[in-house]
Each structure stands twice: as structure tokens, then as C-alpha cells.
Amino acid sequence: MTSRLRTGLLAVTMLAVGASAASAQATLQKVRDKGELTCGVNTGLAGFSAPDDKGNWTGLDVDVCRAVAAAIFKDPAKVKFVPLTAKERFTALQSGEIDVLSRNTTWTMSRDTSAGMSFTGVTYYDGQGFMVKKSLGLKSAKELSGASVCVQTGTTTELNVADYFRKNKMDYKPVVFEKLPETLAAYNAGRCDVYTSDASQLYATRLTLGDPAEHVVLPDVISKEPLGPAVRQGDAQWGNIVRWVFFALVNAEELGVTAKNIDEMAQGQNPEIKRLLGKEGEFGKGIGLDVDWGYQAIKSVGNYGEMFERNVGEGSRLKIARGQNALWTDGGLQYAPPVR
Ligand SMILES: N[C@@H](CCC(=O)N[C@@H](CS)C(=O)NCC(=O)O)C(=O)O
């Protein structure tokens with residue numbers, strides 16, 4: 001190779017690297033140019049993301065995106081929701097079809113390191129469980145040897161169930177589907193003995209079965225399913241926006257800031273609250289947003305506890321206890337680094 005050719009090649013390579021680094025940093029700009037955030041969500045899972053008959057989306061995963069939109073646009077309505085199946089979700093993020101994936105997705109090492117995406121936090125600590133018909137009279141998952149198990153493909157659920165039965169030296173027959181309605185219909189029609197998924201989803205989907213009281217969730221929790229939002233790898237600023245918006249919601253709960261009292265709290269003297277709400281310091285700068293990024297997020301969806309209760313807790317049909325999702329100060333796992 002001549003040295004001119006080599007210099008030329010080097011220049012081309014540097015250009016390409018420069019271009020990809022620039023585009024990698026561009027998600028915030030892209031979102032601003034579109035005038036809305038494109039958010040990948042579940043096709044319909046009560047409490048997490050579900051559209052009503054007018055096409056309004058609600059749920060914990062939905063609120064995460066609304067909070068991000070509010071931090072950017074000062075308007076939680078500037079979000080386009082894209083419903084995705086378990087199998088479709090990662091391609092949608094990798095291809096740029098969505099800006100953030102907020103769809104009951106478990107943070108695992110392979111997804112975080114080898115699938116072109118990065119997780120930004122844990123919005124719901126979950127674990128995998130089993131649901132069976134009450135009439136079977138089962139008390140524990142250990143009694144499931146020989147069972148046929150309805151499960152959705154492209155999920156950690158499918159992998160965990162294989163581990164669980166192997167570890168316990170039990171046989172099972174997987175009955176695998178791509179979509180949730182098919183999986184549930186199969187379970188309901190008796191094509192399998194067991195339906196397995198993240199425990200939160202067992203409670204959500206049980207409500208959609210003919211008579212919920214005919215089904216029981218077994219007490220066994222067989223895995224760790226830390227669910228959280230993910231962004232494309234390589235855009236650190238964008239990852240920081242999604243990460244810190246969620247941290248702001250958790251910090252707000254810890255500091256007693258709610259959607260209702262936020263204006264009053266912003267006038268108070270607590271320096272931690274002043275920083276969180278943009279009354280002191282310029283913490284939005286590092287993420288390319290205005291000083292009131294945290295204020296806007298909290299004002300629009302409430303703090304994490306409010307979001308939890310409204311969507312999946314006492315204020316919802318699901319009535320899930322805070323459990324591991326309580327704040328660390330209440331014996332739970334939710335803990336956010338400080339704004340300072
Ligand atoms: N958290 C697990 C499971 C997520 C998942 O997709 N679960 C299914 C079973 S309920 C689901 O949400 N399906 C809804 C759909 O595909 O529309 C993962 O990230 O792999």
C-alpha cells in the first residue's frame with residue numbers, strides 16, 4: 001500500500017468514526033426536531049402500559065416516558081407510544097424506530113453489553129412466578145414436574161423456566177407463543193397447565209381471565225427481573241437524561257415532593273429540594289436541559305411513589321404491595337443518587 005493511499009484510508013476512517021460519534025450523541029436533538037419522544041411500550045399490560053378506547057396510554061412504563069418528555073418539552077403529552085411485542089422490542093431500539101424502550105424489560109448482562117443498548121435504571125423490581133388453575137390444588141412450583149408450561153418467546157421468562165426445571169431435575173413441556181393474547185388464550189383453554197411470566201404480569205393478566213378467582217399465583221419466585229428503561233448504546237447524554245429523570249422521581253418521593261405540593265416545596269429552604277427543582281445550581285446543563293427539568297418531570301407524573309400507587313398499587317386494580325419497590329428508607333430497594 002502506498003503511503004498516500006494509507007493516509008487517504010486513515011482520513012476516511014477518521015471521518016467515519018467522527019460521523020458515528022456525532023450521530024451517537026444526537027438523540028436529544030433528533031427528539032427536539034421531531035417535537036416528540038418516541039417510546040417503545042408493551043402492546044397492552046395493565047398497570048405498565050395499556051391504551052384506553054380513545055388511544056390514551058397509561059401505566060408505570062408509560063409515565064417514565066411522559067416524565068422524560070416533560071423534562072425536555074415541559075409537556076408530558078409530547079410522546080408517541082409504539083406498542084411492541086417481546087420479540088420486536090430490541091430491533092425497534094437498535095434501528096432507531098424508538099428513542100427509548102420502556103416495556104417491562106429485564107436488565108440482563110447480555111442485553112446491556114451485547115445487544116447495542118444500555119439500561120438506565122430499575123423502575124420496578126420483579127421476579128418470575130407461576131400461575132395455575134386453583135382446581136389443580138397445587139401449593140408450590142416444586143410440584144410442577146411433568147407440567148406443560150405456556151410461555152412467551154424472546155423473554156427471560158423462557159430461559160428461566162428452562163433453568164428452573166433443569167436445576168430441580170423436573171421435566172416440563174414448553175408451549176411457546178410470540179404474543180401475550182395467544183399465550184393467555186392457550187392457558188385459559190387448558191392447552192397448558194401453567195402460565196409463567198414476571199409476577200407483576202401474572203397479577204395484571206389474571207384480571208383479564210374469565211374468573212380471576214379460579215387462578216392462583218404460586219408463592220415461588222424463581223428469578224430476579226429488574227425491569228427498566230433502555231436506550232441505544234453510544235449516546236451518553238441521552239442515557240443520562242433517561243437515568244436522571246427517573247432518579248428525580250425517586251428523590252422526590254424521598255424528599256416528600258409530590259405533584260400537588262411541588263410549587264410550595266420549590267419556595268422552601270431545603271437545599272436538596274431546591275437543587276432537584278432547579279431553584280439552586282444548574283443541574284440541567286450536564287444533560288442538555290433547562291434548570292427546571294426535574295420540576296417538570298415530577299409536576300407531570302408525580303413522584304415515584306405516586307406513580308406506583310396510581311398505576312400498580314393501592315390506587316389501581318392490581319393492588320400490588322410496594323415490597324422491594326419501596327424506598328430504601330422504608331426497607332425497599334429503590335435508591336437514587338443525589339442531585340448535587
Ligand atoms: N421481563 C421479561 C419478560 C417481558 C415480557 O415481554 N413478558 C411478556 C409476558 S406477559 C409480555 O409482556 N408480553 C406482552 C406482549 O408481548 O405484548 C423480559 O424482559 O424478557
Side-chain angles (χ1 to χ4, degrees), residues 39-51 57-62 64-65 81-94 98 100-132 149-164 174-188 191-192 194-209 212 215 217-218 221-231 311-312 317-318 320 324-325:
C39 172
V41 290
N42 200 301
T43 53
L45 190 61
F48 289 84
S49 60
W57 288 83
T58 53
L60 196 70
D61 288 346
V62 163
V64 169
C65 283
F81 292 101
V82 177
L84 300 165
T85 67
K87 208 173 144 197
E88 294 164 340
R89 62 188 152 169
F90 303 127
T91 326
L93 185 62
Q94 286 147 357
I98 55 172
V100 57
L101 176 69
S102 184
R103 186 205 170 281
N104 58 299
T105 294
T106 306
W107 183 349
T108 68
M109 183 170 180
S110 57
R111 289 172 178 178
D112 203 31
T113 59
S114 319
M117 58 185 182
S118 299
F119 284 80
T120 63
V122 181
T123 50
Y124 188 99
Y125 288 92
D126 211 335
Q128 186 173 333
F130 298 97
M131 181 162 69
V132 292
V149 181
C150 276
V151 62
Q152 227 180 305
T153 190
T155 59
T156 46
T157 321
E158 192 183 6
L159 309 174
N160 296 332
V161 79
D163 280 2
Y164 179 79
V175 186
V176 182
F177 298 93
E178 195 188 324
K179 299 202 164 94
L180 178 60
E182 299 167 351
T183 322
L184 279 176
Y187 166 74
N188 224 1
R191 283 183 59 196
C192 47
V194 192
Y195 167 58
T196 183
S197 78
D198 296 342
S200 62
Q201 297 169 46
L202 293 180
Y203 293 108
T205 50
R206 185 165 61 167
L207 296 175
T208 68
L209 298 173
H215 307 270
V217 174
L218 297 175
V221 175
I222 67 161
S223 70
K224 289 189 286 190
E225 307 292 326
L227 311 180
V231 293
N311 292 305
V312 299
R317 285 164 66 218
L318 273 68
I320 300 176
Q324 291 179 321
N325 291 295

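We count residues from 1, following the sequence as given. Both counts, for ligands and for their atoms, begin at 1 and track the order of listing.
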| said: I'd like to know if the side chain of R103 and the backbone of R89 have a donor-acceptor N/O pair within less than 3.5 Å. | reply: no
| message | Using every non-hydrogen atom in the two residues, find where L202 and S197 come nearest and quote the distance to one decimal. | response | CD2-OG, 3.5 Å
| said: Among all protein heavy atoms in this structure, tell me which lies nearest to atom 14 (C) of ligand 1, with the distance rounded to 0.1 Å. | reply: N42 OD1, 3.2 Å
| request: Check ligand 1 against R111 and write out every atom of the ligand that is under 4.0 Å from a heavy-atom position of the residue. | output: 18 (C), 19 (O), 20 (O)
| query | Which atoms of ligand 1 have any heavy atom of T85 under 4.0 Å away? | reply | 16 (O)
| said: I want to know if ligand 1 touches E178 in the polar sense, i.e. an N/O pair below 3.5 angstrom. | reply: no
| What atoms in ligand 1 come closer than 4.0 Å to a heavy atom of T106? | 1 (N), 2 (C), 18 (C), 19 (O)
| Backbone N/O of T156 and side chain of N160: donor-acceptor pair under 3.5 Å | yes
| Where's the contact between K179 and ligand 1, heavy-atom distance under 4.0 Å: side chain, backbone, both or neither? | neither
| said: Is any side-chain heavy atom of I320 closer than 4.5 Å to one of N325? | reply: no
| request: Please confirm whether Y195 comes within less than 3.5 Å of ligand 1 when only nitrogen or oxygen atoms on both sides are compared. | output: no
| Shortest protein heavy-atom distance from atom 13 (N) of ligand 1, along with the residue and atom involved | Q152 OE1, 2.8 Å
| task | Determine yes or no for a side-chain-to-main-chain donor-acceptor pair under 3.5 angstrom, with S49 supplying the side chain and N42 the backbone. | result | yes
| task | For ligand 1, indicate whether the residue N104 contacts it via side chain, backbone, both or neither (heavy-atom separation under 4.0 Å). | result | both
| From CG (N311) to CG (D61), nearest 0.5 Å | 9.0 Å
| query | How close does the nearest protein non-hydrogen atom get to atom 17 (O) of ligand 1, and which residue and atom is it? | reply | T43 OG1, 2.4 Å
| request: Taking only heavy atoms of A86 into account, list the atoms of ligand 1 that are under 4.0 Å away from them. | output: 6 (O), 16 (O)
| So which bit of T183 gets within less than 4.0 Å of ligand 1, heavy atoms only: side chain, backbone, both or neither? | neither
| field | Which of the ligand 1 atoms, numbered from 1, are nearer than 4.0 Å to a heavy atom of L227 | value | 1 (N)
| message | If you measure every N or O of T156 against every N or O of ligand 1, does any of those distances drop under 3.5 Å? | response | yes
| Contact check: T105 vs ligand 1, nitrogen or oxygen atoms, below 3.5 angstrom | no
| Identify the closest protein heavy atom to atom 7 (N) of ligand 1: which residue and atom is it, and at what distance? | Q201 OE1, 3.0 Å
| Does ligand 1 have an atom under 4.0 Å from some heavy atom of E158? | no
Extract all donor-acceptor atom pairs below 3.5 Å that involve side chains of residues 113-122 and protein atoms in other chains or at least two apart in sequence.
residue, atom, partner, partner atom, Å
T113, OG1, M109, O, 2.7
T120, OG1, P229, O, 3.4

| Do any nitrogen or oxygen atoms of S197 come within less than 3.5 Å of a nitrogen or oxygen of ligand 1? | no
| request: Identify, for atom 15 (C) of ligand 1, the protein heavy atom at the shortest distance, and state residue, atom and that distance. | output: R103 NH2, 3.3 Å
| Test item: side-chain donor near acceptor, Y187 and H215, under 3.5 Å | yes
| query | Just how far is it from atom CD of E178 to atom OG1 of T153, taken to the nearest 0.5 Å? | reply | 7.5 Å
| query | When you look for heavy atoms under 4.0 Å from ligand 1, do you find them on the side chain of R89, its backbone, both, or neither? | reply | side chain
| Polar contact flag for T157 and ligand 1 (N/O pairs, less than 3.5 Å) | no
| field | Over all atoms of both residues, closest heavy-atom pair of A204 and A46 | value | CB-O, 3.5 Å
| request: Give the minimum heavy-atom separation between V312 and L318, together with the two atoms involved. | output: O-CB, 3.5 Å
| message | Just to be sure I read this right, does ligand 1 sit under 4.0 Å from the backbone of T205, its side chain, both, or neither, counting only heavy atoms? | response | neither
| message | If you compare all heavy atoms of L209 against all heavy atoms of M131, which two are closest, and at what distance to 0.1 Å? | response | CD1-CE, 3.7 Å
| query | V175 and C192: which non-hydrogen atoms are nearest, and at how many Å? | reply | CG2-CB, 4.2 Å
